[in-house]
Each structure stands twice: as C-alpha cells, then as structure tokens.
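Here the structure comes first, spelled out in structure tokens, and everything after it is commentary.
Chain A is the first sequence line, chain B the second, and so forth, proteins listed ahead of strands; every chain is numbered from 1.
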Amino acid sequence: MKEFLWKSIQNVKTSSPLVHNITNYVVMNNTANALLAAGASPIMAHAHPEVEDMVALCSATVINIGTLDDYWVESMLKAAAKAHKSNTPWVLDPVGAGATAYRDEKVAKLLEYKPTVIRGNASEIMALAKASLTKTKGVDSVHQSFEAVEAAIWLNKTVGSVVCISGAVDVVVSGNEKVLLKNGHPLMQQVTGLGCSATALIGAFVGSAPENPFHATAAAMALLSVAGELAQKTSSGPGSLQMNLLDKLYSITEEEFLATINCELNNAGVSV
Amino acid sequence: MKEFLWKSIQNVKTSSPLVHNITNYVVMNNTANALLAAGASPIMAHAHPEVEDMVALCSATVINIGTLDDYWVESMLKAAAKAHKSNTPWVLDPVGAGATAYRDEKVAKLLEYKPTVIRGNASEIMALAKASLTKTKGVDSVHQSFEAVEAAIWLNKTVGSVVCISGAVDVVVSGNEKVLLKNGHPLMQQVTGLGCSATALIGAFVGSAPENPFHATAAAMALLSVAGELAQKTSSGPGSLQMNLLDKLYSITEEEFLATINCELNNAGVSV
Amino acid sequence: MKEFLWKSIQNVKTSSPLVHNITNYVVMNNTANALLAAGASPIMAHAHPEVEDMVALCSATVINIGTLDDYWVESMLKAAAKAHKSNTPWVLDPVGAGATAYRDEKVAKLLEYKPTVIRGNASEIMALAKASLTKTKGVDSVHQSFEAVEAAIWLNKTVGSVVCISGAVDVVVSGNEKVLLKNGHPLMQQVTGLGCSATALIGAFVGSAPENPFHATAAAMALLSVAGELAQKTSSGPGSLQMNLLDKLYSITEEEFLATINCELNNAGVSV
C-alpha cells in the first residue's frame, strides 16, 4: 500500500496533469502553488463562455465553493455538468456546507452531477449528506444524527463519490474500502486553505490515474499530510509552515515518505 | 494599560471569535492567515443570499473596500445594515478613499450604518470625513483642511465610531480617550495588506470583547505592530517579513510583548 | 547596456510610480508585493465606474486576463481605451491565450487599444498573433506556423507594441532592436505567477520611463530574472523561492546585479 502511494506521487510528477480549478479567492494562490510543487499544472478559470472548454482541456476539474456567489455557482454547475457528461474526473470541496441555507442548496445541486471525489471536514460531510437528503426526501425525513463516517458511506452509496473526511485522522471511503491516514500536524489548521490544497491535489492525482479514484484520493491526502508533518519540524509557526510545506511537496523523497507515512487499509467493512 | 492589552490578546486566543470578512482580493489569504495566527477563525463570504446569515453567525464583520465593485458594494451594504440592526460589531477599512468619486460615494453610504470601528491611514481618514461631510452638507461646505486627527475626532463625534489612524504612530480615538501606539517598522509598508490585516484583527478583538471597542482596537493594533517590529528583526526583506509576522502573531509571548510595546494613553483631550 | 538597466531599476525605486493593475485573482497578492519590493506603488481596481479614473491617476496600467470573465473584460476594455486615448503606457499579459476561443476573442479586442508592451510565454505570443490575424483577415488566412519570435515581430509591426517573450531566454523585440536576457532559473516555473509579476514590473518600469518602453521592458525582465536567479541559491524549493525573490527584489545591490546579468543587445535584425 505504502509503495503504491509513493508510485502515485511519482506518477503525478511525471504525467504533470492539467488541473482546472474553480475555487475560492482566499486560496487560489496557494492552491496553484501546491499543484505546481507536486508536479501538476494548474488552470484557474470560471468565465461562463469558456468553463466547459477548460473542463475539456484538463485531466480533472476541482470545484470549491468557499467564496461562492451566483455567478460562480453557475460556473460550477456548467463545469460539473460538462465533467459528468464527458466522464472527466471532478472533485467537490463543500467549504462551509451547513453554515447557510444558500450553501446547502448549491451543494445539493452540485451533487446531482456526481463528483468523482468529495473532500471536506467532518461537519461539512455531515452537512452535505443532510442537504442531499433534505433535497431528495423533504425536510421532515432528515436524519438528524448522521455521524461523519456514516454520512460519508451514505454519500458514497447514493451519489457514488469517493468521500474523504479530513481531520486529525483522514478517512477515505469507497464501497467496502476504507483508508485511515494518521499523518499531519495540528499546526496545519492555523494555515488557511490546506484543506483546499488537499482537494486540489486530489484533482491532480485523480486526473493522472482516473481508473482508481479511491487510491488517488488516498495518495493525495498522504502526500499533503506527510509533507505537512515533515515541514512542521522546521517551522516556527504557520507562516513558515506554509512556505516549508510547498518546499516539501516539491522535494519530498521516497525515503522520507515511506519512513513517515502511517496508514491503515481496511477492507473488512467501513466502521471506524 | 500594557497588561490589559496583553489580556485582550490572550482573550482572542481563548475565545477564538468567528470573524466574517468582506474584503479585497489582494489580501484575502493574508487576512485569513493573520486571523488564524492570532487565534481567531476567519470566514470570507459575500454572496447576497447568504451575507446576512454570515453576519448573524459571527462575532464581528469586517468590511474592506479595496477591490470593490457594484456587486461587492451591495454585499457590503447588506452586511453593514444587518450588523447595525443586530448590534453586531463591524469594522470599516476605507481602502483608497479619496482616490475616486466612486469610492467616496460608497464609503459615505457605508458610514450610515455606523461602523463600530474605522481604520485607515491618514489620507483615507481625511477623505472619509470629507466624503461624509460632502454627502451631508453639500460640496460647498467641505472643510478642505481637515487634519487626520481632527477628521478622526469629527468622525467619532458624528458617526460614533472608534477611529484608528495607522501610520508611523498609530492613533486610536474615541470620545475623550486617545491612545498612541509607537511600535512597528517602516519595512511593514513594503508588504501589501498589513493595514488590511490590522483591520481584520480589530474585527477579531472587538468580536471577542464587544463591550469596549476602543480598547479592543488598541490591543489589535498593538499586537500587529509589536509582532511586526519583532518579526522584522529576523527578516531580510518584505518576503521574509510577511512570513515571520505570521509566525510571531502565533508565537508571541507575554514577555516579548511587554518588553516591546510602546504606547501612551491620553485621557486629557485628543490633540496630538 | 548593463549600467543602463541598473539605472532603470534605481529610477523605479526613486520615482515610485503608481501602477494600476487589472489582474487575476491567483497572483494579486504576489503582484502587489513584487511591485512594492521593487519600489513601485500598486493599485488594484476594476469597478466600471472608477476604472478610468484609476488609469488617469496612475503612471501605467497593467492588464492581465488570467481569470477573466465578462465583467472584468469590460473593465479591461474601458481601462485600455482610456490608456490609449490619454497616452498612458499600458501593458498586456495574455495569460492562456490560445486555450479557449473566448480568450482569443477578448485579447484580439484588447489589441485594438495598442498596448505599449505585451509580455507572454512563447505559446501565448503565438496565439495572440494568430488571434489578431484571424480577427483581421478571417480564419482562412491564419498563418499556422508562426514561430514565437516571428509572431513577436509581426505583433510589433502591426500593433506597435514592444513584445516580450519570456522563457529560458527572454526576448524583447521592438522595431529593429532586440534584447536577449539569459538569467533566471527553472525553479521559477514552479512558483505561480512569476510571469504575471514580470508583466506588473514592466508596468512599473514603463511608468517611470515612458519615453523608452523597449529599455524599460528589458530592465524589468532583467530585474526579475536576476533576482530570481540569486534568490534560488538560498531556496529549498518553490515556497522559499517565492519569499526569497521578494526579499531580493527589495535588497538587490548594484554589485550583485552587474555580476549576474547576462544579456545581449542585438540591433542587427531580429532573427534569433
């Protein structure tokens, strides 16, 4: 498993997939830099007249609703529809799902285009499942007590997406497969947008290996969390961590990666 | 006074206020990172259908007109109106006030919702007072020779806002109170958006201590300028200063802060 | 020649030109920081009601189509028209030209306002020439095999712009003059937006010396590539390179610059 993850990381560097991003203003620069450091090629584009062309041009599309508004939601829907129709892998980051009714309504619409992968924190994944259920079955039927992994499994079953819950332990769920990734460092939460970088990296990995989005997602999460854990060791705070993480995404060696990665593959059901 | 400022800094770290930002594209990333490093939680959101919900969700709202356009101005007005109506503290950063008639017209409108705090440089504060006067009394009555501190006092009296003029010496004015803060370093001017970070930090501080926006403003300005002064000592230019400042906002100790802070509280009137 | 380039660099620091940028979301922060580090003063503004005022206020306008959409294209056209009409230098960065029909249509329109300088990579410059030809003469007449330098010469002759092709060797073309700049480092390509920073710096240089846009362009490109080459020496990857580059733009000395610059002025025709 660990060697396989490392091969995926190498594969991104050699194939350098073009990744189309419709993402939020806060993280655009970091996202582009994370993709470049990992060996991918980022494109950021959202204009209605060109967004479908960009999907067609790229190996994967990443949609992140962080600073959404009506124009951008329309861009996202156009891109997701095109990706769905053309079997281009696409990744959804439901930033802030659950915070406002507006976000929930929009993510529920995006789910209709069946993202290849969804990545969010526990509360976003729970909110997403709830928003989708609400839309499908009406408010009354909402299961109020969804746990994050339950929500992920439900989303995987009903939407078909690989689902990644990121946190102290990252969990990736698909069918009967589940990976737990136990790397990273708490200081990473003090740097804005590392979750968004994770989602973008998933785009790169799934773009370079579309045949197995589950493993691609695990490899992307492994790269970011291992690089973050290593970068933290030479950092004095969130400012230097942000910089060192980009350096490490670029320079990480097989030795470092294999010595640090701490993951668990569990095929015997998906309970944690 | 100095111990009180330090307590406010600690208070932000322990209460971790949610801060809603409608700010400019240039500084969104840095602003989010500065808030995180100081212990607050940033949200960036501007969509008309959700902006009022975001105000309701957060401890404070920060409005920064740096890269305004008509859609964003409408977001700002909705948020300011909601904050005003619901007694949520909100902070205005009138970036570039005075540069164009468009900016002056928009900031004058925003002033109608009585920001809790206004922070700008001397020329912005002067332009703001002038824009407000012009709107209220017509162009002819504009006092052409407003000095920055005079302008701040006038804004404080007529609008009710705590007013902070940032510069080599930062001045915070409210009623009969005035604080002078003499920290910082000239190199901070070579890093884009540190004024915007200051405004966002004021949002965090006023959100965690809404009962005293004057002291909250002074504490936020003290944190940024002391951290900047300390960070500069290990920096080789504006690039490393930007990074070291984030590290220092995160790691600053009571000892460092108290040994560096240089401020003067002046209750005996507001002339400098 | 080399001493002349250094003088131009000094001239930006002493004259501190205001540079108006309508640029993309990904690079706004870096662009502003690069301009500040080099001694210029950045303004980012795109609102239709103020964009012409901003052109009038500034020494140069920089237009970068990276994350264009219809609103922003209208801002760009207004600004370009105003700059053209008022003889304000303006610089075009045709990011992603050739990637979509939408981009090609918009850059062709922008060319009508005769940018003072155009900077892009080889494929963008070729796409720009093709888009312009297509627009002028219809699709059938498009010369399919334009080489980048040929395209630059053609653009220079028909549009009148100084044209800079950036790459391992940067080429600046104007009339019978040509400069080759052989500095920089491949790692610079792993940092997002350094091309955009180059364009913004050209804006600063041409704003501080509008009488000779050819030399201003060469000096801006020389500064960025020499600073990048020097910064790379102390960098461990793209994260630290981004930081060290800003430091070096700020702190570069005459000695360092003259010892590193590697350029060739060629007045005897423009073939490479």
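- Only the side chain of C:Asn30 has a heavy atom closer than 4.5 Å to any heavy atom of chain A.
- For the atom pair CD1 of C:Ile22 and CE of C:Met54, the computed distance is 10.0 Å after rounding to the nearest 0.5 Å.
- Contacts of C:Gln242 with chain A are made by side-chain atoms alone, with heavy-atom separations under 4.5 Å and no backbone atom involved.
- In this structure, the side chain of C:Glu124 does not engage the main chain of C:Ala97 through any donor-acceptor pair within 3.5 Å.
- A donor atom on one side chain and an acceptor atom on the other are not found under 3.5 Å apart for C:Thr23 and C:Asn21.
- No close placement of the C:Trp90 and C:His84 rings is indicated, their centers lying 6.0 Å or farther apart.
- Interface summary for chain C: among A:Leu246, A:Leu245, A:Val51, A:Leu36, the most heavy-atom pairs under 4.5 angstrom belong to A:Leu36.
- For the set C:Leu241, C:Asn24, C:Thr100, C:Val95, the entry with the most heavy-atom pairs within less than 4.5 Å of chain A is C:Thr100.
- Of all the listed residues (A:Met28, A:Met243, A:Glu50), the one sharing the greatest number of non-hydrogen pairs under 4.5 Å with chain C is A:Glu50.
- Side-chain contact of A:Tyr102 with A:Asp69: a donor-acceptor pair under 3.5 Å is absent, judged by distance alone.
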